[in-house]
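Notes to accompany the following structure.
Letters A, B, ... are given to chains in the order of the sequence lines, protein chains preceding strands, and every chain is numbered from 1.
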Amino acid sequence: MARNKEKLVLLLDVGPSMHSVLPEVEKVCSMLVEKKLIFRKNDEVGVVVFGTEETNNDLTKEVGGYDHIVVLEDIKVVDGDLIDTLQKLPHGTVDGDFLDAIVVGMDMLIKKYKDIHKGKKRLCLITNAVHPIKDSLEGTKEDQVETIAAQMTAQGMKMESVVVRGRLSQDANKRIMDENDRLLSIFSKQTLTRTVYVDSPTSLLGALKTRRITPVTVFRGDLELSPDMKIKVWVYKRTQEEKFPTLKKYSEKAPQTNKFATHQVKVDYEYKTVDGASKVVPPEQRIKGYRYGPQVVPISAAEWDAVKFKPEKGVKLLGFTDASNIMRHYYMKDVYLFIAEPGNTRAILSVSAIARAMKEMNKVAILRCVWRQGQQNVVLGVLTPNISQNDKIPDSFYFNVLPFIEDVREYQFPSFNSFPVSWQPNEQQQKAADELVQMLNLAPSGKEEALLPDYTPNPVLERFYRHLELKSKQPDAAVPPLDGTLKRITEPDPELFFENKSVIDALRKHFELKENPKLKKSARRLLREKPSGSNDEDGDADVSDAQAVNSIEKALVVKIEKIGDLTPVQDFEVILSRRDSPEWVGKAIKEMRDKILGLLSDSHEGDNHLIAVECIAALRKGCILEQEPEPYNNFLRYLNPYCQQKGMSNFWQLLASRELTLVSKSEAADSDVTDNEARRFFVKTEPKPKD
Amino acid sequence: MDLDPEDVFKDEEDGSDNEFFQQSASSKEYVVYLVDASPKMFNTTCPGKDQKDETHFHLAVSCIAESLKTQIISRSYDEVAICFFNTREKKNLQDLNGVFVFNVAEREHLDRPTARLIKEFDCLQESFMREIGSQYGIVPGSRENSLYNALWVAQALLRKGSIKTADKRILLLTNEDDPFGGLLGAAKADMTRTSLQRAKDAQDLGISIELLPLSCPDEEFNVKVFYADLLGLDGEDLVQFMPSAGQKLEDMKDQLRKRMFTRRIIRRITFDITNGLSIQLNTYALIRPAVPGAITWLDSVTNLPLKIERSLICEDTGALIQEPPKRFQPYRNENVKFSMDEISEMKGISTGCLRLLGFKPLSCLKDYHNLRPSTFVYPSDQEVVGSTCIFIALYRSMLRLKRFAVAFYGSSSHPQLVALVAQDEVAKAGVQIEPPGINMIYLPYSDDIRDVEEIFPDTDDDAPRADEDQIQKAAALIKRIDMRDFSVSQFANPALQRHYAVLQALALEEDDIPETIDETLPDEEGLAR
């Protein structure tokens, strides 16, 4: 949407003290531009670096000063060059002045857009702010910042500052940092600036929102406390999963020479009768059937409309209750935010009063919500107070969906106290566990919380966008491995575990694990290779005394889930014998069928036929073993015309010679095939030799 | 319900999500309810609210009726049979005395529950005495053994299907802890022996026999007299879930209902605590949104189901595409292509296990750190002995220190950071309300979190804040509308109730669709007061 075009200037500190995190700065900024290229192609971005040897900006030419600041890219509509620039940021040589950089960035925005586009102009500052800014010629530094802040507000600019600290700036001067923090906090207080402190490269990647989604309200209207007590509220989604992008299907049918080919694929659905005729049924002759136990009940849309549940739109309070009555694990979905109608002081005060009273009394509210007219269900959930920490931002509520009776399975589990003594931890063991829980601390006081969801990026999405960029340059680029920064999300932090080596060793010493000797061999999960992305390079572990356990671990961790190319028959048998979920049998059979069809369609002059026959033999054996005759029989019946169509009568004869016929009743009781039928199957279907 | 019929055609990549939410047909359960219909079941009552006492028989039957209704909605692939013993009439394939298999038309004895079964079973209590009748089947001087017969019939009903693909259970509901108490000497010993043998035979075939005992008001059901031997229980198992004497009707109902479910594992996972210390856990889906069953398209002329054929057509040439197509993303003025292998490699960022990353105080888990329903985790020593012990130790530490664990759960479809929150066992009147274990809460990434608070205001002024006086007024309001006994999931989903009421009526070809009550509407009169 053009009118929502964002105008953004990146202000990046590249001074010497920033060098260690520049790779992450490059990554997060390229990702930002990359996502704009896909989702917001009309946004405009400029890039300013500071802390460079050189100086190159308008202000230095016009008024002097503003040294060591370089405008790398003027503000322009996003393009691929921007990414190239951001992927090789210059390494500066002097300590930068972030306030000067802010002024340069503001100047660029003012010159380009004058005072239009209020609210769409944004600055994004990434610095460690460990070096002092220059003294002001007139007044204090604070005065200077306040003047700039006032200008920023007047111009309708927003700012986001990411301050890289903690472990990443250990030797810095505390006094200077405090001063800078104070100065930056003036921006937070007086302008629409969001300031984020991060202390690890991982949270640097997550701290900057690389994709801005224009928020849409789910509901605008009354929060009805009672029929005559209402508060005007707006409801937004507070969390919503950003899914892996849905990629379009690509058709390679168009000739290479066709420059105008779209390569798009249309997906076509046909509804056919299941009788022999396989007639296509037109839409007006179709009717929806709803399952009720084994029955399927046909109901037309009109009929359904007449009887279905039609609640009135509205958000009603059922009552308040103690917060302890709602366990955290009952939250069902992504989270909503209730804010008072913007600009409505009465509503804002009411929300504030109720939220603060709830907080004081440790209460929550139960609501019944129908977000819009025509919605066919109601949502029941819990409203919890969200007391604002920022003077500019009003108090609000979070809303989480709670389950209905039908959504809860009330399984009973044995109480741990009822277990035999051998399963209960003794005193030393409990002590070792206590130590671990205490010492392996991700949120030590005085430091930034590690892996805070708000600053932790999705490693899969990071990987996708990096791969996309690589592939745009080199179409056959391999999937990039997870780098060290992203591994801090998927694997334990070696440093943290190393610091606590004694605690971990104690835990290992006190607890003993062994494979259950009573378990039948066949019931054990068998294993072979490791899946992609696994790694064993963590050197912190003392493996020598854990050999035995390790072998079990390996034996447990790695499971075959797919039928590979090398040993399809073995893979199939392994998956079939898995007992960790009843789904495996169905999955194995389906996989094997797909594999066989793949082999046949990829076969060149019958070179895959022998393997395919082995696979079919294995499938048959497996289906008899599992007493699942139908999938095999259906598959064979499907293969028959398939082979005729594709002129693979040789292959069909091969099957006949191996007697891989239908599974009969005597082999599997559920089969609908008699022995006689099974014997005659190949005779009957033998394709006539072609003329 | 907001169910888009086109959901059926969702991209195949979304399949994994469905697996997360839905039960598949391949994990079936076969259950035979074996209900004692002896006179003692009719003569004993338990105290209910408002002096409305109910007989044990009534209690048992109404719990089964309730469970059938739940089942047809959420686990309709499971099959059930309902079998009474100590009856006057007999009806069973073996033609054994004192055993009556209840069934309705168009249904095998052990089969999926149907609308008709539910309906007729609901009316059974009126006709029971007339058509089936109660009569204790074990009397001195007779060689009849109704318990033995009942087990035999149940076992025969469960002959269907392979034990590999279905769990087979016999649920025995009785209030008689000493079935052979009226006999003496050799007759008693003989009958006890043959009954035990019968039970053992069934168990050897992989059928589990579970007892749902009902305690009389003045006397506790003593499992040791006979049933401990029949079930193969010893020592500590005996204490589990034993009802106490004189239990209230509601609690007894609660307990029966809960025990009718088996715990279904959704997955066995490995929990990597540190290198070289990996334990085994089972995960359970205790909370998942119940949705109306999938839609099947029918031919309106024949009412027969239609098959849906999907074909991929090249938009440039109109050619049919057979092989799985590559995917592409338009980017930088070109189409960047990905093979399906590359896509799954990209997503496969971890081994399938759960890896411990560290611990945080519970206050770090914010109300907005949520995306999906949680998953319950409970330890198992089945494959790795010692798992339970470590689990309990960490669980107790976390409870005591008020901390939760952060771990990375590397499932192939949804690799995600999770919070592992220990849950202390909660029981009320002998009924477990919260099981002991750990709840796995799926955490959002920064990509999933939206800072919507920050869009407003566009003004320079500070946001208005309530003053102490206003807060006090709000506090008074909160006190007035307090729901002291609120518990999660006390409401039925009105949309689902309506959906199934309509379906049941149409399935039975009834003219009137019964009204359903929307329990979620606030009591506005009450509030006004």
Is [X] in contact with chain A via its backbone, its side chain, both, or neither, using a 4.5 Å heavy-atom distance?
X: B:Gln423; result: side chain
X: B:Phe491; result: both
X: B:Arg396; result: both
X: B:Asp299; result: both
X: B:Ile449; result: both
X: B:Asn335; result: side chain

Within a strict 4.5 Å, meaning less than it, do heavy atoms of the [X] and [Y] side chains meet?
X: A:Lys253; Y: B:Asp316; answer: no
X: A:Leu451; Y: B:Lys360; answer: yes
X: B:Pro289; Y: A:Met332; answer: yes
X: B:Ile390; Y: A:Leu513; answer: yes
X: B:Arg288; Y: A:Arg409; answer: yes

For this session: Indicate the atoms forming the closest heavy-atom contact of A:Phe309 with B:Pro494, along with that distance.
Result: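 The answer is CZ-CB, 3.5 Å.
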Checking the side chain of [X] only, and the main-chain atoms of [Y] only, is there a donor and an acceptor separated by less than 3.5 Å?
X: B:Ser300; Y: A:Gln285; value: yes
X: A:Gln430; Y: B:Ala393; value: yes
X: B:Ser374; Y: A:His329; value: yes
X: A:Arg463; Y: B:Glu345; value: yes
X: B:Ser446; Y: A:Tyr455; value: no

Problem set entry | Trace of the side chain to side chain contact (heavy atoms under 4.5 Å, CB included) decision for B:Tyr445 with A:Ile489 | CA-CA 10 Å; B:Tyr445 289 116; A:Ile489 303 165; 4.2 Å; yes
Problem set entry | Side chain, backbone, both or neither of A:Arg356 within contact of chain B (heavy atoms, under 4.5 Å) |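 Both backbone and side chain of A:Arg356 come within 4.5 Å of chain B.
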Exercise. Which region of A:Lys272, side chain (C-beta onward) or backbone (N, CA, C, O), has a non-hydrogen atom less than 4.5 Å from a non-hydrogen atom of chain B, or is it both or neither?
Worked result: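 When you check distances to chain B, atoms from both the backbone and side chain of A:Lys272 fall under 4.5 Å.
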For this session: May I ask you to establish whether A:Lys471 and B:Phe338 are in a cation-pi arrangement, using a distance under 6.0 Å from NZ or CZ to the six-membered ring centre and at most 45° from the ring axis?
Result: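 Verdict for B:Phe338: a cation-pi partner in A:Lys471.
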Exercise. Do B:Lys347 and A:Phe244 meet the cation-pi criteria used here (NZ or CZ under 6.0 Å from the six-membered ring centre, within 45° of the axis)?
Worked result: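 Positive - B:Lys347 is close enough to the ring of A:Phe244 and near enough to its axis.
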Quiz question: by atom type and distance under 3.5 Å, do the side chains of [X] and [Y] form a donor-acceptor pair?
X: A:Asp454; Y: B:Tyr368; result: yes
X: A:Thr239; Y: B:Asp448; result: no
X: B:Thr520; Y: A:Arg368; result: yes
X: B:Glu425; Y: A:Ser415; result: yes

Problem set entry | Partners passing side chain to side chain donor-acceptor pair (under 3.5 Å) against A:Gln429 (at least two apart in sequence or in another chain) |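 Partners of A:Gln429 by the side chain to side chain donor-acceptor pair (under 3.5 Å) criterion come out as none, since no residue qualifies.
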For this session: Would you please classify the geometry between the B:Tyr500 ring and the A:Tyr292 ring as parallel, tilted or perpendicular, with 30° and 60° separating the classes?
Result: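 Aromatic pair A:Tyr292/B:Tyr500 classed tilted.
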Exercise. Which class fits the ring pair A:Phe413 and B:Tyr378: parallel under 30°, tilted 30 to 60°, perpendicular over 60°?
Worked result: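 Rings of A:Phe413 and B:Tyr378: tilted, 30 to 60°.
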Exercise. Got a sec, which residues hit side chain to side chain contact (heavy atoms under 4.5 Å, CB included) with A:Ile348, two or more places apart in sequence or on another chain?
Worked result: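 Side chain to side chain contact (heavy atoms under 4.5 Å, CB included) check on A:Ile348 returns A:Ala340, A:Pro394, B:Pro464.
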